[in-house]
Amino acid sequence: MSYLVGVTALWAFSFSLIGVYLAGQVDSYFAVLVRVTLAMLVFLPFLRPSLLRGKQRLALMALGAVQLGVMYVFFYQSFLLLSVPEVLLFTIFTPVYIALLDDLMFGRFTPIYLVTAVLAVLGAGVIRYDGIDSGFWAGFLVVQGANLCFAIGQVGYRRLAADLPPTLPWHSVFGWFFIGAMAVALPAFLLFGNTAALPTNTVQWGVLAWLGLVASGVGYFAWNQGATRVDAGTLAVMNNALVPAGLVVNLVIWNRDADITKLLLGAVIMVASLWLNQWWLKHRTPVAA
């Protein structure tokens, strides 16, 4: 849980940095390529190929390609079809996908996970709902593609970890994750990138360095490790904790407008969903004498 809380705080700052210093100024495909490249370079020195079999390496690369590479392609395309509030609103369905996919991959059905995920969606929706206009269905589907990719990556990582030794030093194999993401990010930039919109000052380069080395490198490693140490219900709820966290950062540091009443109400609903999930976990298992 501490991993997920820490990365939530980290990524809350990252969203603001992107919005203030990169969005509309630096080509999004180039930004993704730089983030993935720097994150990959963080883990390449630790990479020990002998720790995983061929199929396991390919599985981890595939997870990186989907969770980072394909997800970002969908996500950045959505901004061409929707307004920013609409994109943010439509990202709140990720917990539902996590709850359903986790049950599917582990061969079970846990209704409480779906209940807590829907509560998390409701809480995030209370915070982010600013109204939507007509003609947004194509954009909605693109955002759901991004949500689904992010959910598949997290749940797939949980499933892969369950089949590997608990003593596996993940920092020595996680480089494969970013190599897989690079297999998508590089062709995407070559095909769709705009070389006329590269960074023009040290602030933009500095933000990209932070996002690549820390937010992507440390962040995705810690988030996926956290995903293996909590149940699916907690993971689903934490996926939407970024909404209030990001708004708080914007409000405190960049003085962006935010509805405090909606922020508090949505946060209370999400905390309630997390409490409900923890209560169920505690009471489903008999306490040992």
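This structure is a prediction, so every number in the text was calculated from the model and none was measured.
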Item to complete: For Ala215 and Ser14, work out which heavy atoms get closest and say how close.
Response: CB-OG, 3.3 Å
Discussion item. Checking Gln144 now: which residues fulfil side chain to side chain donor-acceptor pair (under 3.5 Å) with it, not counting sequence neighbours?
Written reply: Tyr97, Asn147
Item to complete: Report yes if the side chains of Leu211 and Ile18 come closer than 4.5 Å at any heavy-atom pair, otherwise no.
Response: yes
Worksheet item: Given the rule in the side chain to side chain contact (heavy atoms under 4.5 Å, CB included) test, do Ile152 and Met71 qualify, once you have shown the distances and angles that lead to the verdict?
Response: CA-CA 10 Å; Ile152 289 172; Met71 184 273 289; over 6 Å; no
Discussion item. Is there a side-chain contact between Trp223 and Leu235 in this structure, where contact means two heavy atoms from C-beta onward sitting under 4.5 Å apart?
Written reply: yes
Worksheet item: According to a 4.5 Å side-chain heavy-atom criterion applied to Ile, Leu, Val, Met, Phe, Trp and Tyr, with indirect links allowed, do Val207 and Val218 form part of one hydrophobic cluster?
Response: no
Discussion item. Given 3.5 Å as the limit, does a donor-acceptor pair link the side chain of Gln67 with the main chain of Gly64, or not?
Written reply: no
Kindly list each side-chain donor-acceptor pair under 3.5 angstrom involving residues 166-192, sequence neighbours excluded, with atom names and distances?
none

Worksheet item: Looking at Ala209 and Leu38, what are the two nearest heavy atoms and their distance?
Response: CA-CD1, 3.7 Å
Worksheet item: Got a donor-acceptor contact below 3.5 angstrom from the Trp11 side chain to the Gly219 backbone?
Response: no
Discussion item. Would you say that Val143 contacts Phe74 through its side chain, given a criterion of any heavy-atom pair below 4.5 Å between the two side chains?
Written reply: no
Response to the item:
Output for pair (Asn224 CG, Leu160 CG), nearest 0.5 Å, gives 10.5 Å
Item to complete: To the nearest 0.5 angstrom, please state how far the SG atom of Cys149 sits from the CG atom of Leu68.
Response: 10.5 Å
Item to complete: Search all heavy atoms of Pro199 against all heavy atoms of Leu208 and return the closest pair with its distance.
Response: CG-CD1, 3.5 Å
Fill in: side chain to side chain donor-acceptor pair (under 3.5 Å) between Tyr157 and Gln225, intermediate numbers included
CA-CA 9 Å; Tyr157 193 89; Gln225 287 301 104; 2.7 Å; yes
Practice prompt. Could you list the residues that satisfy side chain to side chain donor-acceptor pair (under 3.5 Å) with Arg158, not counting sequence neighbours?
Written response: Asp102
Practice prompt. Side-chain contact test, heavy atoms from C-beta onward, threshold under 4.5 Å: evaluate it for Leu52 versus Leu60 and give yes or no.
Written response: yes
Discussion item. Pair Thr234, Asp231 - check side chain to side chain contact (heavy atoms under 4.5 Å, CB included), show working.
Written reply: CA-CA 6 Å; Thr234 300; Asp231 67 289; 2.7 Å; yes
Worksheet item: With Thr200, which residues qualify under side chain to side chain donor-acceptor pair (under 3.5 Å), at least two apart?
Response: Gln204
Worksheet item: Do the ring planes of Trp205 and Phe30 sit parallel (below 30°), tilted (30 to 60°) or perpendicular (above 60°)?
Response: perpendicular
Worksheet item: Linking I/L/V/M/F/W/Y whenever any side-chain heavy atoms sit under 4.5 Å apart, do Tyr3 and Leu164 land together?
Response: no
Item to complete: Determine which pairs satisfy salt bridge (charged side-chain N to carboxylate O under 4.0 Å, His left out) with at least one residue from residues 26-52, sequence neighbours left out, and list them in order.
Response: none
Worksheet item: Which atom names give the shortest non-hydrogen contact between Thr228 and Ala161, and what distance separates them?
Response: CG2-CB, 3.7 Å
Practice prompt. Output the distance between atom OH (Tyr29) and atom CG (Leu33), rounded to the nearest 0.5 Å.
Written response: 12.5 Å
Discussion item. If the condition is salt bridge (Lys or Arg N to Asp or Glu O under 4.0 Å), which residues does Arg159 pass it with, not counting sequence neighbours?
Written reply: Asp163
Worksheet item: In the single-linkage hydrophobic clustering (I, L, V, M, F, W, Y; side-chain heavy atoms under 4.5 Å), do Phe46 and Met61 co-cluster?
Response: no
